[in-house]
Amino acid sequence: MHHPLSLYNTLTRRKEAFEPVQAPLVGVYLCGPTVYSEAHLGNARGPVVFDVLTRYLRHLGYTVRYVRNVTDVGHLESDADEGEDKMAKAARLQRQEPMQIAQHFVNLYRQNMLALGCLPPDIEPQASGHITEQIGMVEEIIANGFAYEANGSVYFDVPRYNAEQERYGKLSNRSIDDQLAGTRDSLAGQEEKRSPLDFALWKKAAPEHIMRWPSPWGEGFPGWHLECSAMSRKYLGSLSDIHGGGLDLMFPHHECEIAQCQGSHTHTDESRFWVHHNLITVDGTKMSKSLGNFVLLGNMFKGPTATLTQAYSPMSVRFFLLQAHYRSPVDVSDEALQAARKGYRKLMNGLRLLGKLRRPEGTEQAADTEKPDAELRKLVADIFVGLNDDLNTARAIASLFNLLRKFNGFFANLATLGTVSDAALQEALAAYRTVVTDILGLQDEPRANAEQLLELTLGFYQEAKTAKAYDTVDQIRAALKGQGIVIKDTKTGVDWAYEE
């Protein structure tokens, strides 16, 4: 199979033609959430971007296995292997079991992703369910000489690995010397490490640590970086096609993943393409829980919040995330989200327009439609040019609006539909629908409250009945009956019930 799709590969720092390791199969891995709290808007960008990427790969005819993990153990408060496990800390503060915390926020996360139109991943492995695989990988790394045990913990030996591979830092473009210069001179609190660059593969559990498993090195828990390497290999093989996440995961998380895979296999970078999306910002500053400038997705859908003055629907939020290229930062504000809502609604109005674009009966098709057909097909092709150019959804959406303007012109004067062939028109209509709904994943959201509309209808019914406009009364009754609703005239007024 060959398609013109190109993706920016962080590993090589250039856009490359996408060629799967074993076409038509494509393995995609996205680093998922650490489920110690509710997801915020910044946590949604990766799932939305990778959802569109997965949808588009399937549209191109590939058979995709999409894996998005759940981190429920091993993610410490500091990337330097210090601090408390985030899951254990949340459990202690809320006086619950860690897995109780995890399950609650996993459920909430899935609900939010579904609301945003993200298709469920094919596999959603949890770190705590793959301890055996992680221990096995640590044993391989030790056997290859790239890790050492110290007082019940196991650390990856970065200097030893780099001396043989000369590869640590290649993803983030950081040299060993630069990394050492950025560390503390002292290993205070981390005396077990031979180098400040070394990172934990397995941590010995302190007596008070709740989450612990037996291992060859004693009771403990896996390091944060280990889970993705082990689970990616289990479900996608030693070399996947696409592995990604936010720019903030490039170092140290993804850098360490590559080192672990090289250290255990000695021949693979774990993934052919490393794809990183940029971050969500608030007034130019990265949105994060540590800074307190985050907007929880659930609160955003209900509104208002401390940052936003009103609620925004999930589809408006999805459009907001897609109207910028995934490698560009996106700053969140009321103005930006309101503009996104208008853009989303414009595309939905376009969907409703599609069924109305028919040449009036008696209108003949022009004898020569070659040039108008070519212009219409060019508008369609431009959409896919954007998608093929590093999944540039911003450009694709701009091209969709150009096509929609053409449709609106036809609708303003249906007779002009005779200037294009039926075949070209149907191709354009199908392409618009496919890109909007199947690839971008944008769905129409009901904006009206059903009960309020029903009460309004009953009001019209009562008015018609009082005016003895019985034809209108019968029409309203019949229309509601067609929806499975019957009107009940009672002594106290008009009511309704579901038809039994």
Visitor: Where do I280 and G42 come nearest, in terms of heavy atoms and distance?
Guide: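 Smallest interatomic distance, heavy atoms only, reads CG1-CA, 3.7 Å.
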
Visitor: Considering residues, nucleotides and ligands other than F401, do more than 12 of their heavy atoms fall under 6.0 Å from its CZ?
Guide: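 More than 12 within 6.0 Å, yes.
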
Visitor: So which atom in L116 and which in P314 form the shortest heavy-atom distance, rounded to 0.1 Å?
Guide: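 Taking L116 first and P314 second, the nearest heavy atoms are CD2-O, 3.4 Å.
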
Visitor: Check A340 against S316 and note the closest heavy-atom contact, atom names and distance.
Guide: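 Here A340 and S316 meet closest at CB-O, 3.9 Å.
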
Visitor: On the 0 to 90° scale, with breaks at 30° and 60°, tag the H253-H225 ring pair as parallel, tilted or perpendicular.
Guide: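 Rings of H253 and H225: tilted, 30 to 60°.
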
Visitor: About how many Å separate OH of Y66 and CD1 of I242, when rounded to the nearest 0.5 Å?
Guide: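 So the CD1 of I242 and the OH of Y66 are separated by 11.0 Å.
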
Visitor: Checking T71 against V35 for the side-chain contact (heavy atoms from CB on, under 4.5 Å) test, could you report, in this order, the C-alpha distance in whole Å, the side-chain angles of both residues, the deciding distance, and whether it holds?
Guide: CA-CA 6 Å; T71 299; V35 286; over 6 Å; no

Visitor: Given side chains that start at C-beta, do those of V435 and F384 come closer than 4.5 Å, heavy atoms only?
Guide: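 Result yes, sub-4.5 Å side-chain heavy-atom pair found.
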
Visitor: Look at the side chain of N162 and the backbone N and O of Y168, then say whether any donor-acceptor pair between them is shorter than 3.5 Å.
Guide: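 The answer is yes, because a donor-acceptor pair under 3.5 Å joins these two groups.
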
Visitor: Do you know which two heavy atoms are closest between D72 and A102, and how far apart they sit?
Guide: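 Of all heavy-atom pairs spanning D72 and A102, the closest is CB-CB, 4.0 Å.
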
Visitor: Looking just at side-chain N and O atoms, do T419 and T416 make a donor-acceptor pair shorter than 3.5 Å?
Guide: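 No pair is found: no donor N or O on one side chain lies under 3.5 Å from an acceptor on the other.
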
Visitor: Once you round to the nearest 0.5 Å, how far does CE of M99 lie from OG of S128?
Guide: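 M99 atom CE to S128 atom OG measures 4.5 Å (nearest 0.5 Å).
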
Visitor: Just wondering, are more than 12 heavy atoms of other shown residues or ligands nearer than 6.0 Å to CD in Q365?
Guide: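 Yes - once you tally the heavy atoms of other residues, nucleotides and ligands closer than 6.0 Å, there are more than 12.
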
Visitor: Between D382 and K406, is there a salt bridge with N-O shorter than 4.0 Å?
Guide: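 D382 and K406: not salt-bridged.
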
Visitor: Answer yes or no: does atom CG of D283 have more than 12 heavy-atom neighbours from other residues, nucleotides or ligands under 6.0 Å?
Guide: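 No, the 6.0 Å shell around CG holds no more than 12 heavy atoms from other groups.
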
Visitor: Do other residues, nucleotides or ligands put more than 12 heavy atoms under 6.0 Å from R65 CZ?
Guide: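 No, not enclosed.
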
Visitor: How far does SG of C256 sit from CZ of F156, to the nearest 0.5 angstrom?
Guide: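 Atom-to-atom, C256:SG and F156:CZ are 8.5 Å apart.
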
Visitor: Can you find a side-chain donor-acceptor pair between Q103 and N107 that sits under 3.5 Å?
Guide: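 Side-chain D/A pair, Q103 to N107: present.
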
Visitor: Ignoring hydrogens and geometry, is there a side-chain-to-backbone donor-acceptor pair from H254 to H243 under 3.5 Å?
Guide: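 A pair under 3.5 Å: no.
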
Visitor: Give a yes or no answer on whether the side chain of S240 reaches the backbone of E270 with a donor-acceptor pair at less than 3.5 Å.
Guide: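 Present.
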
Visitor: Please name the residue in the list R377, R433, K378 that meets the salt bridge (charged side-chain N to carboxylate O under 4.0 Å, His left out) test with E427.
Guide: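 With E427 as partner, R377, R433, K378 yield a single salt bridge (charged side-chain N to carboxylate O under 4.0 Å, His left out), made by R377.
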
Visitor: Quick one: do R272 and E16 make a salt bridge, cutoff under 4.0 Å?
Guide: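 Yes.
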
Visitor: Sequence neighbours excluded, which residues qualify as salt bridge (charged side-chain N to carboxylate O under 4.0 Å, His left out) partners of K286?
Guide: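 Testing K286 for salt bridge (charged side-chain N to carboxylate O under 4.0 Å, His left out), a comparison that skips the adjacent residues, returns D248.
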
Visitor: Rounded to the nearest 0.5 Å, what separation is found between the CG atom of D241 and the OH atom of Y62?
Guide: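 If I round to the nearest 0.5 Å, the distance is 9.0 Å.
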
Visitor: Any ion pair linking R110 and E124 (charged N to carboxylate O, less than 4.0 Å)?
Guide: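 Yes, charged N to carboxylate O under 4.0 Å.
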
Visitor: Only counting residues at least two apart or in another chain, list the ones meeting ring pair (Phe, Tyr, Trp, His ring centres under 6.0 Å) with Y432.
Guide: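 Expected list: F407.
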
Visitor: Any chance the side chains of Q100 and H104 put a donor and an acceptor closer than 3.5 Å?
Guide: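 There is no such pair between these side chains.
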
Visitor: Quick one: are L387 and H59 in side-chain contact, heavy atoms under 4.5 Å?
Guide: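 The answer is no; the side chains never approach within 4.5 Å.
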
Visitor: Compute whether any side-chain donor of one residue and acceptor of the other, for T281 and D331, lie under 3.5 angstrom apart.
Guide: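 Distance-only check passes for T281 and D331.
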
Visitor: Show the numbers, then the answer: is there a side-chain contact (heavy atoms from CB on, under 4.5 Å) between Y29 and C31?
Guide: CA-CA 7 Å; Y29 190 102; C31 288; 4.2 Å; yes

Visitor: Compare every heavy atom of V420 with every heavy atom of T369, then report the nearest pair and how far apart it is.
Guide: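 Between these two residues, the closest heavy atoms are CG2-C, 3.9 Å.
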
Visitor: Pairing donors with acceptors under 3.5 angstrom, does anything connect the side chains of Q310 and Q338?
Guide: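 On atom types as modelled, these side chains qualify, holding a pair under 3.5 Å.
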
Visitor: Among D122, L30, V28, which one satisfies side chain to side chain contact (heavy atoms under 4.5 Å, CB included) with R68?
Guide: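 By the side chain to side chain contact (heavy atoms under 4.5 Å, CB included) criterion, R68 pairs with just one of D122, L30, V28: L30.
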
Visitor: Between N43 and H40, is there a donor-acceptor pair closer than 3.5 Å when you use the side chain of the first and the backbone of the second?
Guide: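 Judged by distance alone, yes, a pair lies under 3.5 Å.
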
Visitor: Find out whether the Lys NZ or Arg CZ of R174 is both under 6.0 angstrom from the six-membered ring centre of F251 and within 45° of the ring's axis.
Guide: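 Yes; both conditions hold, so R174 lies above the ring face of F251.
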
Visitor: Could you grab the distance from atom CD1 of I397 to atom OH of Y344, nearest 0.5 Å is fine?
Guide: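 Taking CD1 in I397 and OH in Y344, the distance rounds to 12.5 Å.
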
Visitor: In terms of side-chain geometry, is the basic nitrogen of D389 or K15 positioned less than 4.0 Å from the acidic oxygen of its partner?
Guide: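 Counted as a salt bridge, because a side-chain N and a carboxylate O are separated by less than 4.0 Å.
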
Visitor: Are R405 and N408 linked by a side-chain donor-acceptor pair shorter than 3.5 Å?
Guide: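 No, no side-chain donor-acceptor contact under 3.5 Å.
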
Visitor: Going by atom types alone, do H276 and T10 pair a side-chain donor with an acceptor below 3.5 Å?
Guide: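 T10 and H276 do have a side-chain donor-acceptor pair below 3.5 Å.
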
Visitor: Using a 3.5 Å distance criterion without hydrogens, assess whether the side chain of H277 forms a donor-acceptor pair with backbone atoms of R327.
Guide: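 A pair under 3.5 Å: no.
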
Visitor: Just by distance, do the side chain of N69 and the backbone of C228 share a donor-acceptor pair under 3.5 Å?
Guide: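 No, N69 side chain to C228 backbone: no donor-acceptor pair under 3.5 Å.
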
Visitor: Check for a donor-acceptor pair, side chain of E445 on one end and backbone N or O of M315 on the other, with a separation under 3.5 Å.
Guide: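 Yes, because the side chain of E445 sits within donor-acceptor range (under 3.5 Å) of the backbone of M315.
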
Visitor: Looking only at side chains, do N299 and T305 share a donor and an acceptor under 3.5 Å apart?
Guide: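 No, no side-chain donor-acceptor pair sits under 3.5 Å.
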
Visitor: Start with the C-alpha distance between D438 and R58, add both sets of side-chain angles, then the distance that settles salt bridge (Lys or Arg N to Asp or Glu O under 4.0 Å), and finish with yes or no.
Guide: CA-CA 10 Å; D438 297 343; R58 287 174 175 153; over 6 Å; no

Visitor: Between atom CD of E133 and atom CZ of R233, what is the distance when rounded to the nearest 0.5 Å?
Guide: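 Atom-to-atom, E133:CD and R233:CZ are 9.5 Å apart.
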
Visitor: Checking N9 side chain against V275 main chain: does a donor-acceptor pair fall under 3.5 Å?
Guide: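 No.
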
Visitor: How about Y235 and H130: are their ring centres within less than 6.0 Å of each other?
Guide: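 Yes, the ring centres sit under 6.0 Å apart.
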
Visitor: Could you check whether any side-chain heavy atom of R358 comes within less than 4.5 Å of a side-chain heavy atom of L414, counting everything from C-beta outward?
Guide: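 No, side chains not in contact.
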
Visitor: Shortest non-hydrogen contact from S238 to T268?
Guide: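 Closest approach of S238 to T268, heavy atoms only: O-OG1, 2.9 Å.
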
Visitor: Under a 3.5 Å distance rule, please check whether E255 uses its side chain to pair with a backbone N or O of K170 as donor and acceptor.
Guide: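 Present.
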
